[in-house]
Visitor: 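Below is a structure I'd like to ask you about.
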Amino acid sequence: MKKAYNETWVDNIENRNTIKDWYDEKVLSKQQYDKAIDLFPVNFYQPNMFIEFGLFIFTNLALSAAFGFLSITIFQDILNTSTGLAIISLIYCVLLIVFLEYLIRKRKLYRSGTDNALLYVAIGSLLTAIFSFTDFKWHISAYFLVSLLVFIPFLIRYGDPFVAVGIYVAWIAFWFSLVIRYPAGKDLLPFIIMGVSAVGYFITRWWQNKNASAYYADAQICIEAGALITFYVAGNYWFVREGNAFLYNLATSVQIKFALLFYVLTVAVPAVYLVWGLKKQNRKMVLVGIAAAWFDVFTFRFYFSEIPIEWAMTIGGAFLASFAVWGIWFFKTPKWGLTSKQTLSAKDRDFEVFLLSQVLPHQTQQGNKMKFGGGEFGGGGSGSRY
């Protein structure tokens with residue numbers, strides 16, 4: 001499927017961010033920075049965060065007002081039936097997509113707030129149309145599956161990270177709602193959610209290896225992080241025990257089956273995330289591991305500690321925040337092959353070589369060294385990153 005946004009410009013945004021990082025770290029001079037930025041044109045309309053948020057709110061209000069006005073004037077009788085609601089919602093969806101495509105093509109919008117709002121309302125209208133055609137009589141798991149199938153083509157075309165979040169939520173919700181229909185499914189639910197989380201994670205990693213374009217980078221990050229979180233949650237003792245009480249309508253939670261296994265998973269999963277994330281230099285896994293370790297403290301306190309929850313959360317949060325700050329400071333200078341700064345991938349190194357050949361075409365070589373920001377080629381005065 002053809003992408004809605006200019007993929008070259010999207011990649012250039014990422015390249016410009018890399019160039020900005022190099023300039024901030026004094027690797028590039030101001031003259032080199034300006035020349036490098038000019039190599040990667042971006043003609044999207046991208047307002048600042050506050051204007052983007054304002055445009056998002058304004059567009060949603062305008063669309064709601066327009067639909068509300070039409071509902072109480074022209075379509076009042078039609079909307080009284082589920083079929084009428086479905087037809088009007090489908091027409092509304094088509095009009096919104098046409099308008100969205102026009103703004104992207106003619107106004108060069110890219111995550112400007114307006115296009116985000118149009119996209120989300122269009123998806124909501126399409127789902128409303130589909131659900132209304134079924135008269136809302138299907139099992140909820142079927143609606144989650146339909147939502148998943150609707151989200152996927154929108155993600156492929158627009159690469160929106162919130163659509164990716166919707167995909168992963170629908171994926172997990174589908175299996176959850178399907179499994180709890182059966183008595184045995186309630187007992188196996190934690191293992192099934194861990195399994196589908198692992199499937200989601202490995203599919204995303206395969207997708208990242210197959211398509212490393214910046215167009216889908218944010219969406220891939222959202223799904224990967226979501227898979228790591230739900231895998232931990234499904235094995236956490238507190239979630240399993242309290243979730244078991246909720247599913248069986250128990251007034252208070254009781255000891256669960258395989259409790260020892262969930263004790264081990266509660267401690268082991270964050271530890272694996274931290275160790276493996278550091279080894280593979282996967283920042284998302286490390287951050288989720290830190291958050292999971294904090295929740296381990298909460299879990300332990302909830303059942304075994306007499307410390308008030310306010311003190312436990314404050315002490316645990318302060319310790320983890322201090323540990324994170326210390327880790328960033330400690331690894332600012334690379335140690336044991338690890339650094340708190342983002343390292344270059346093979347694609348980034350190709351980009352580095354290209355950039356150097358463009359912004360420094362007349363540099364003279366002295367032996368096998370090239371002057372660059374006070375360091376050597378391949379070092380840039382900042383270690384092995386550049």
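Since the structure is predicted, the reported quantities are computational estimates derived from the model, not experimental observations. Because only heavy atoms are used, hydrogens play no part in the values below, and waters and symmetry mates are left out as well, while side chains stay in.
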Visitor: Is the side chain of Q220 donor-acceptor paired with the backbone N or O of N211 at a distance under 3.5 Å, no angle test?
Guide: yes
Visitor: Who are the side chain to side chain donor-acceptor pair (under 3.5 Å) partners of K108, not counting sequence neighbours?
Guide: none
Visitor: Tell me, please, which residues at least two apart from N17 pass side chain to side chain donor-acceptor pair (under 3.5 Å).
Guide: none
Visitor: Would you indicate whether F295, at its atom CZ, is surrounded by more than 12 heavy atoms from other residues, nucleotides or ligands within a distance under 6.0 Å?
Guide: yes
Visitor: Would F144 and I140 satisfy side chain to side chain contact (heavy atoms under 4.5 Å, CB included), going step by step from the backbone distance to the final call?
Guide: CA-CA 6 Å; F144 283 126; I140 189 171; 3.5 Å; yes
Visitor: Answer whether the closest heavy-atom distance between the side chains of M194 and L265 falls below 4.5 Å.
Guide: yes
Visitor: Could you grab the distance from atom CD of E7 to atom OG of S213, nearest 0.5 Å is fine?
Guide: 4.0 Å
Visitor: For residues 91-106, tabulate all N or O donor-acceptor pairs below 3.5 Å that involve a side-chain atom, not counting sequence neighbours.
Guide:
unit_1, atom_1, unit_2, atom_2, d
Y92, OH, L63, O, 2.8
E101, OE1, R157, NH2, 2.8
E101, OE2, R157, NE, 2.8
E101, OE2, R157, NH2, 3.3
E101, OE2, Y158, OH, 2.5

Visitor: Quick one: salt bridge (Lys or Arg N to Asp or Glu O under 4.0 Å) partners of D24, sequence neighbours excluded?
Guide: K20
Visitor: Indicate yes or no for a side-chain donor-acceptor contact from D115 to the backbone of S112 under 3.5 Å, with no hydrogens or angles considered.
Guide: yes
Visitor: Got a donor-acceptor contact below 3.5 angstrom from the D135 side chain to the K137 backbone?
Guide: no
Visitor: Does V267 share a hydrophobic cluster with V233, counting links as ILVMFWY side-chain heavy atoms below 4.5 Å and allowing steps through other members?
Guide: no
Visitor: Decide, yes or no, whether a salt bridge links D34 with K30 under the criterion of side-chain N to carboxylate O below 4.0 Å.
Guide: yes
Visitor: Scan for salt bridge (Lys or Arg N to Asp or Glu O under 4.0 Å) pairs involving residues 166-179, sequence neighbours excluded, and state none if there are none.
Guide: none
Visitor: From F40 CZ over to W9 CH2, what is the distance, rounded to the nearest 0.5 angstrom?
Guide: 15.5 Å
Visitor: So, for D296 and P270, which heavy atoms are closest and what is the spacing to 0.1 Å?
Guide: OD2-CG, 3.3 Å
Visitor: Is there a path from I221 to F162 through hydrophobic residues (I, L, V, M, F, W, Y) whose side chains come within less than 4.5 Å of each other?
Guide: no
Visitor: Donor-acceptor pairs under 3.5 Å, side chain of residues 169-183 to any protein atom, not counting sequence neighbours: which ones?
Guide:
unit_1, atom_1, unit_2, atom_2, d
W171, NE1, V196, O, 3.1
S177, OG, A173, O, 2.8
S177, OG, F174, O, 3.1

Visitor: Could you name each residue pair satisfying ring pair (Phe, Tyr, Trp, His ring centres under 6.0 Å) that touches residues 184-203, not counting sequence neighbours?
Guide: F191-F262
Visitor: Can a salt bridge be assigned to the pair R111 and D218 using a cut-off of 4.0 Å between side-chain N and carboxylate O?
Guide: yes
Visitor: When you compare the side chain of Y33 with that of W22, does any pair of heavy atoms fall below 4.5 Å?
Guide: no
Visitor: Taking only residues two or more places apart in sequence or in another chain, which ones pass side chain to side chain donor-acceptor pair (under 3.5 Å) with Y143?
Guide: T134
Visitor: Please determine if R205 and E224 form a salt bridge, counting it only when a charged side-chain N lies under 4.0 Å from a carboxylate O.
Guide: yes
Visitor: Measure the shortest side-chain to side-chain distance between V269 and V272 over non-hydrogen atoms and say whether it is less than 4.5 angstrom.
Guide: no
Visitor: Go through the steps for N12 and N15 under the test side chain to side chain contact (heavy atoms under 4.5 Å, CB included), then give the verdict.
Guide: CA-CA 5 Å; N12 286 351; N15 292 335; 3.7 Å; yes
Visitor: Evaluate the criterion side chain to side chain contact (heavy atoms under 4.5 Å, CB included) for residue pair Q46 and I13; output intermediate values, then yes/no.
Guide: CA-CA 11 Å; Q46 290 184 290; I13 293 174; 3.5 Å; yes
Visitor: What is the distance from atom CG of N282 to atom CG of L274, rounded to the nearest 0.5 Å?
Guide: 11.5 Å
Visitor: Can you tell me if N116 uses its side chain to pair, donor with acceptor, with the backbone of G113 under 3.5 Å?
Guide: yes
Visitor: Answer with yes or no whether the hydrophobic clustering places V288 together with V275; edges join I, L, V, M, F, W, Y residues whose side-chain heavy atoms lie under 4.5 Å apart.
Guide: no
Visitor: What's the shortest heavy-atom distance between A234 and P190, and which atoms?
Guide: O-CB, 3.2 Å
Visitor: Supply the atom-to-atom distance L85 CG to T81 OG1, rounded to the nearest 0.5 angstrom.
Guide: 8.0 Å
Visitor: For residues Y45 and R107, determine if any side-chain heavy atom of one lies less than 4.5 Å from a side-chain heavy atom of the other.
Guide: no
Visitor: Just how far is it from atom OH of Y110 to atom CG of N6, taken to the nearest 0.5 Å?
Guide: 10.5 Å
Visitor: Same cluster or not: are F56 and M49 linked, directly or through other Ile, Leu, Val, Met, Phe, Trp or Tyr residues, by side-chain heavy atoms under 4.5 angstrom apart?
Guide: no
Visitor: Give every residue pair that meets the ring pair (Phe, Tyr, Trp, His ring centres under 6.0 Å) criterion with at least one member in residues 210-231, sequence neighbours excluded.
Guide: W207-Y216
Visitor: Is V150 linked to L148 within one hydrophobic cluster, defined over Ile, Leu, Val, Met, Phe, Trp and Tyr using a side-chain heavy-atom separation of less than 4.5 Å?
Guide: yes
Visitor: How long is the straight-line distance from CG of L189 back to CD1 of I192, given to the nearest 0.5 Å?
Guide: 6.5 Å
Visitor: Just distance, no hydrogens or angles: give the donor-acceptor pairs under 3.5 Å from side chains in residues 245-259, sequence neighbours left out.
Guide:
unit_1, atom_1, unit_2, atom_2, d
Y248, OH, D187, OD1, 3.1
S253, OG, R241, NE, 3.1
S253, OG, E242, OE2, 2.9
Q255, OE1, Y237, OH, 2.6
Q255, NE2, Y263, OH, 3.4

Visitor: Evaluate V10 against E14 for side chain to side chain contact (heavy atoms under 4.5 Å, CB included), listing each step before the verdict.
Guide: CA-CA 7 Å; V10 176; E14 183 69 18; over 6 Å; no
Visitor: Should L126 and F154 count as side-chain neighbours, where that means a heavy-atom distance under 4.5 Å?
Guide: yes
Visitor: State which residues pass salt bridge (Lys or Arg N to Asp or Glu O under 4.0 Å) with K186; sequence neighbours excluded, sorted by chain then number.
Guide: none
Visitor: Under the side chain to side chain donor-acceptor pair (under 3.5 Å) test, which residues partner T230, sequence neighbours left out?
Guide: Y168, S197
Visitor: Considering all heavy atoms of both residues, which atom of L155 and which atom of A219 are nearest to each other, and what is their separation?
Guide: CD1-CB, 3.7 Å
Visitor: With a 4.5 Å limit on heavy-atom distance, are the side chains of N60 and Y120 in contact?
Guide: no
Visitor: Are any of the side-chain heavy atoms of Y273 and L228 separated by less than 4.5 Å?
Guide: yes
